[in-house]
K.L.:
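One structure follows; several queries about it will come next.
Numbered from 1 within each chain, the chains take letters A, B, ... in sequence-line order. All heavy atoms count here, side chains included; hydrogens, waters and symmetry mates do not.
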Amino acid sequence: MYSLLFLAPAFPFAGFIWLATLGPRTARKAVAAVGVGTIAASTVVAGLLAIAFLVAPPAGGAYTQTLWTWIAAGALRIRIDFYLDALSLIMLLVVSFVSFVIHLYSAEFMQADDGYSRFFAYMNLFVASMLTLVLANNLLLLFLGWEGVGLCSYLLIGFWYRDPANGLAARKAFIVTRVGDTAFTLGLLLLFHSLGTLDLQPLMHLAAQRWLPGSALPVAAAALLLGGAVGKSAQLPLQTWLPDAMAGPTPTSALIHAATMVTAGVYLIARAHVLFALAPPVQLAVAVVGAATLLLAGCSALVQHDIKRVLAYSTISQIGYMFLALGVGAWSAAIFHLMIHAFFKALLFLVAGIVIQALHEEHDIRKMGGLRRDLPYAFWGFVIGGSALAGLPLITAGFYSKGLILWRAWSSPAGGVVLWLAGMLGVLLTSLYIYRLIFLVFYGERKTAPVHLPGWRIKLPVVTLSALAIAGGFVNIPRWLHGVPAFTGFLHSALPPAGLLHRPGMSEPLSELVAALLFAAGLFAAWRRFSGRRVPRPAAGLAGAIQRFWFADWGMDWLYDRLLVRPVAAFARLNRQDAIDSGYNAVARLHVWGWQALRRSENGRIRWYAAWITAGTMLFLALAVWR
Amino acid sequence: MILLCFILIPLSAGGLAWVAERWHAQAPRWLALAAMLADFALGLGVWIHFRPGALARLRPPAAAHPAPAWLLQLDWHWIPRFGIRFHLALDGLSLLLLLLTFFLGIVSVLVSWTEIRERVGFFHLNLLWVLAGVTGVFLALDLFLFYFAWELMLVPMFFLIALWGHERRRYASVKFFLFTQLSGLLMLIAILALVFAHAAATGVLTFEYAALLGTPLSGAAAWWIMLGFFIAFAVKLPAVPVHTWLPDAHTEAPTAGSVVLAGLLLKTGAYGLLRFVLPLFPRVSHQFAPLAMLLAVLGILYGGLLAYGQNDFKRMVAYTSVSHLGFVLLGIYAGNALALDGALVTMIAHGISTGALFVLAGLLQQRLHTRDLNAMNGLWDTVPRLSGVALFFALASLGLPGLGDFVGEFLVLLGAWPVSRLLAAFAAAGILVATFYALRLVQRAFHGPNRHAWRLPDLSRRETLALAPMILVLLWLGLFPSTVLRTFRLVIPSLQPPAAPAVLPAAPAAPGKALRP
């Protein structure tokens, strides 16, 4: 059974090959069948593997499948091999299933697009890359998947290539994430030369054996890997690409935000948790980056007008929670939230797609309103997904996953009051911005009438994901509610449980209660301000300035543009003719001048020649005499 | 004899092609194609015969003065009075580069099929003779013969640019000729100095590679002679700051000329460094390595940034060569097995990915009559297949894992890291710069609105036939590079100076050891 493992990435990859070569000449029905069918096949494989894993777990809790030797050079042996343990199994299930749902949705959503087969080709490659990433048994193969998802995000964000703005957003996504990837590459070099291998399991084993916690090498290696992770997962300071990534078709956004791409950084850190545990300063940095990002992005989400940009900032903010969890050593809490986030964020994007399509590509929430009767699926999808995102207590899955992170931020040895407070403030912000969105879009006055209503291939994914956004949390009901934390228990074979440090003044139920109160406060504030018939006018004065500052993502785009983009572009533009070449051309010109000067002397006039001869003779005589 | 065939087939077919034009207009093309196919088949046969299993049975070279593991040799008298012999030999390195030569030879003939319409016979004479010269360079073991082949490449290439080139072909061809000829003369002087130094030391006048390998040289003499070789090869490679002939020559040459220039002629520079500079001057090469690696990293970044600024499709691709060949230079002078492996894979992968980009530039120029990126824009609308293929090669160029260039560049970085972490870090930033230019190319040419309302024919069957194998080879290099590396493995000891730092396997780092910058 386990030998089917390679099929999980192989199916979508085969689909990509098919669609890329024969797609344009294939009927739309067949394109959809291939595009959705291959992902369905991957999901089935994932399900079979999960059953096998539960019924007859592999020896040692992990199964490795080697396909062939990829690179053998010097002391380097890199194989194409896949690794299945509890962590990669969860990722495999989440990625393949959520992708399948999104693909099914796309089959209808993209129906009218003339790039139908190209779209599915890119999407299939995306999933294939992501599955390679999560199943890779060595860091270089992981990097292959890593770059693959980067590429596909570029291709899909720029999918509607006729608009140069989309191309710009696409390039920005690829280049900003590649800045992080450069750090990742250096991390690979450092790890290989320090430990002699890139295979993940021996690497972690050797690192734990040879390196003292907090020594220079693990800190440097973990910091470099973190550089890659913040790029891919859109965390500070490399988060600027994600809001612009909204230029792509909406299913793409769902795929990028939920199942693939942005979760890669979280997965990488969880996968390399041994290394990060050896580098406490870097782990603290992970937590601080997470906490800072979740607050900054939460503030930005509050003031956006574009429905998808609100969701984009919310993704950045939620990934911030995952980083916070990773930073305090609550690895399985991070993965739990990753899974729950995949469900509700995919749901939110899919229903946002319904709204956008219904209103004829309208993105501006100020022009929406009163849609809850016209678009019931979208409305209930938004309510369920948004409540899961904000953490509606007890019912929704987000309550359980976020609550666990918050409690760990307080109780784990690496945590602390400040991190906990940041997370709590984030709860308030989340509740505020998502209900602001819901009230503005679905309540109040109807400004635009919907023109397009969804069919079953759009409704079915919405219903499925709604169910998961609620029921997903029940797999890990905490003990204080007399439940069984089955999910984190299952992950313990791959990820060690978080430690507990008793800090007085707080308990798990109390922490959850605070979160619930903040959630309610946010909901109430949003209801008071945004549920009326009139849209609140933009604030003036200082408040307005702050809003504009948040709206522009804290001015970071502006800063990068001035500091990095423009100087490089200016250098390239000014040096187009290659300054070095002008040196050679000067030599050539010197020769031409010399030739022209000498040519003047050969003018065929006897008198000139006689004069030159006389002058020359006199010069030599003078020289002779002088000496 | 096979080795002689490698050279004689294109030489004679070239002569024949010139004459054959009178019989039939298309005859030179078919002749050239047949010659290259024959050479390629022959090369493949040799490769399969000496496949890794068989290679492993060959005795590994001795440690003291490791003579390369020659697979095939041909050693005839030529000018006995001066100790000059007609000595050809083939090892894993030359075999792989020959396969690349013949592969790109086939591609060059195919892409010239409709582009070249004047003096078809003479064109194919020149094309085949360049290829014969390149073949000779990769095979010659007698230094005189090597120089002869080196010059044989030059003259037909000059004609290819000067006669069938684009607007500024005279400027470009003369510039190309001057740069390579002057540096070639330096090499000739260096060869003679080496030969006479050897004669002075041993009393034997010989141009034989194996004999010259152990020539005792004083420090200063070794430096000067090494520099003579190095400059010649650095110009060809090209390394910054002697790279400026390249963009002009590549841009102005006809498509086949650009493919051969980028794919093969640049590789002769790298080959020369590997085959001659490192083994002949092991000690000074080692001392010189930091400077060479610095030049390499400068080339990677500077070439990449120049490419980013260009508006001419071919000129942009030409500057990317400067960047990619910087990786080759870095790998050669990092000198350990990983870096050398990386340099080799980069050489082959760059030959194909850049060659293909030149082919695409040529196809576009045939359709649009311009290479200006400003005049393109939105071509995906009208030539989706061509655009998709171009996207593929642009991605190869930016070092996407799974394609050949990535394997080469990653191995180079891996090898360079223990030699200099700082330079490796800057070189890694070069991959980032590659992202800038490759994506800019895709955006400017293929994405965006079809502003000029182009309506063009998509790839024809012949064009697909030329490009599809290049895609497959790049994928194969990216996913199964071990097949190539195994052939190269036995050659590595003969290239490494004995003084090369034994880098791998890495010593386990002591816990808490400080990280050097």
Side-chain angles (χ1 to χ4, degrees), chain A residues 20 24 68-76 80 118 140 143-144 146-148 151 154-155 158 161-164 167-168 170-171 174-175 178-179 181-182 185-186 188-190 192-196 206 210-212 215-217 219-220 568-569 571-576 578 580-581 583-584 588, chain B residues 175 240-241 243-244 247 305-306 308-311 336-338 341-342 378 380-381 384-385 388 395 400-402 406-407 410-411 413-415 417-418 421 424-425 428-429 431-432 435-436 439-440 443 446-450 479-482 485-486 503-506 508-509 511-515:
Chain A
W68 70 83
T69 300
W70 183 14
I71 305 175
L76 180 73
I80 302 277
R118 190 163 58 92
L140 200 63
F143 188 66
L144 183 140
W146 187 269
E147 292 290 278
L151 163 70
Y154 160 76
L155 293 173
Y161 56 83
R162 288 186 193 94
D163 184 352
L168 190 68
R171 273 174 296 153
F174 203 10
I175 288 171
R178 269 209 141 195
V179 172
D181 297 351
T182 309
T185 311
L186 296 179
L188 295 186
L189 303 183
L190 177 65
F192 176 71
H193 283 294
S194 313
L195 298 174
L206 285 173
R210 291 196 188 156
W211 285 344
L212 287 176
S215 57
L217 278 172
V219 169
V568 170
F571 175 81
R573 199 173 52 245
L574 292 175
N575 197 34
R576 187 170 288 155
D578 192 355
I580 293 178
D581 196 32
Y584 294 103
Chain B
K175 195 171 181 178
V240 170
H243 64 282
T244 67
L305 284 174
L306 272 168
Y308 181 65
Q310 299 307 314
N311 281 329
N336 50 53
L338 281 171
D341 275 343
W380 201 297
D381 271 353
R385 258 179 294 153
L395 293 175
L400 188 77
F406 168 76
V407 175
F410 182 73
L411 287 177
L413 289 177
L414 212 50
W417 178 263
R421 293 176 183 185
I431 300 188
L432 186 64
T435 319
F436 299 173
L439 297 188
R440 179 174 177 270
Q443 181 65 33
F446 304 106
H447 286 170
N450 189 354
L479 293 175
F480 308 93
S482 297
L485 293 175
R486 254 178 299 186
V503 172
L504 295 170
K513 204 175 100 183
L515 177 70

K.L.:
If I take atom CD1 from residue A/I71 and atom CZ from residue B/F410, how far apart are they, to the nearest 0.5 angstrom?
P.N.:
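Result: 7.0 Å between the selected atoms.
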K.L.:
Which residues satisfy the ring pair (Phe, Tyr, Trp, His ring centres under 6.0 Å) test with B/F446, sequence neighbours excluded?
P.N.:
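B/F446: no ring pair (Phe, Tyr, Trp, His ring centres under 6.0 Å) contacts found.
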K.L.:
If we define contacts as heavy-atom pairs under 4.5 Å, which of A/L144, A/L206, A/D581 has the most with chain B?
P.N.:
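The residue among A/L144, A/L206, A/D581 with the greatest pair count is A/D581.
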K.L.:
Of the backbone (N, CA, C, O) and the side chain (C-beta and beyond), which part of A/V219 lies under 4.5 Å from a heavy atom of chain B, both, or neither?
P.N.:
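Neither part.
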K.L.:
Looking at B/L432, is its backbone amide N or carbonyl O close enough to the side chain of A/R178 to form a donor-acceptor pair, meaning the two atoms are under 3.5 Å apart?
P.N.:
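Answer holds: no.
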K.L.:
Please look at B/L306 and chain A and tell me whether the side chain, the backbone, both or neither of the residue comes under 4.5 angstrom of a heavy atom of that chain.
P.N.:
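For B/L306, the side chain is the part near chain A, not the backbone.
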K.L.:
Looking only at heavy atoms, what is the nearest atom pair of A/R171 and B/R440, with distance?
P.N.:
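Nearest heavy atoms, A/R171 then B/R440: CD-N, 4.4 Å.
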K.L.:
Which atom names give the shortest non-hydrogen contact between A/P164 and B/P449, and what distance separates them?
P.N.:
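For A/P164 and B/P449, the tightest heavy-atom pair comes out as CG-CD, 3.8 Å.
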K.L.:
When the ring planes of B/F406 and A/W70 are compared, do they come out parallel, tilted or perpendicular, using 30° and 60° as the limits?
P.N.:
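Parallel.
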K.L.:
Which residue out of A/L140, A/D181, A/I80, A/L188 racks up the most heavy-atom pairs below 4.5 Å with chain B?
P.N.:
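Ranked by contacts with chain B, first place is A/L140.
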K.L.:
Tell me, for A/L574 versus chain B, whether the close heavy atoms (under 4.5 Å) come from the side chain, the backbone, both or neither.
P.N.:
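Neither part.
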K.L.:
Heavy-atom pairs under 4.5 Å with chain A are the metric here; pick the option from B/V240, B/V407, B/N311 that has the most.
P.N.:
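So the answer, after comparing B/V240, B/V407, B/N311, is B/N311.
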K.L.:
Nearest 0.5 angstrom please: B/L439 CG to A/Y154 OH, how far?
P.N.:
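Spacing of CG (B/L439) from OH (A/Y154) equals 4.5 Å.
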K.L.:
Less than 4.5 Å to any heavy atom of chain B: does that hold for the side chain of A/W68, its backbone, both, or neither?
P.N.:
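Interface part for A/W68: side chain.
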K.L.:
Which heavy-atom pair separates B/S482 from A/A72 by the least distance, and what is that distance?
P.N.:
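Shortest heavy-atom contact: OG-N, 3.4 Å.
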K.L.:
Shortest non-hydrogen contact from A/A569 to B/Y308?
P.N.:
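Heavy atoms only, the tightest pair is CA-CE2, 4.0 Å.
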K.L.:
So which part of B/D381 gets closer than 4.5 Å to some heavy atom of chain A, the side chain, the backbone, both or neither?
P.N.:
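Both backbone and side chain.
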K.L.:
Write down the atom of A/E147, the atom of B/L400, and the distance for their closest heavy-atom approach.
P.N.:
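Shortest heavy-atom separation between A/E147 and B/L400 comes out as O-CD1, 4.0 Å.
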K.L.:
With a 4.5 angstrom heavy-atom cut-off, could you sort out which part of A/F571 is near chain B: side chain, backbone, both or neither?
P.N.:
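Just the side chain, heavy atoms under 4.5 Å.
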K.L.:
Does any backbone or side-chain atom of B/L413 lie under 4.5 Å from a heavy atom of chain A? Answer side chain, backbone, both or neither.
P.N.:
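Both parts, backbone and side chain.
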K.L.:
Look at A/L168, A/N575, A/L189, A/L186 and state which one has the largest set of heavy-atom pairs under 4.5 Å with chain B.
P.N.:
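The candidate making the most pairs under 4.5 Å is A/L189.
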K.L.:
Under 4.5 Å, counting heavy-atom pairs only, tell me which of B/P481, B/P384, B/G388, B/G402 racks up the most with chain A.
P.N.:
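Among B/P481, B/P384, B/G388, B/G402, the one with the most close pairs to chain A is B/P481.
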K.L.:
Using a cut-off of under 4.5 Å for heavy-atom pairs, which of A/T69, A/I580, A/T182 has the most such pairs with chain B?
P.N.:
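Most pairs with chain B among the choices: A/I580.
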K.L.:
Which of the residues B/L485, B/L479, B/D341, B/I431 is involved in the greatest number of heavy-atom pairs with chain A at under 4.5 angstrom?
P.N.:
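That would be B/L479.
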K.L.:
Pick whichever of A/I175, A/T185, A/D163 has the most heavy-atom pairs under 4.5 Å with chain B.
P.N.:
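Most pairs with chain B among the choices: A/I175.
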K.L.:
For the CG atom of A/L155 and the CG atom of B/L395, what is their distance to the nearest 0.5 Å?
P.N.:
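Those atoms lie 7.0 Å apart.
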K.L.:
Using modelled atom types only, decide if a donor and an acceptor are shared between the side chain of A/H193 and the backbone of B/L414 within a distance under 3.5 Å.
P.N.:
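Such a contact is found between A/H193 side chain and B/L414 backbone.
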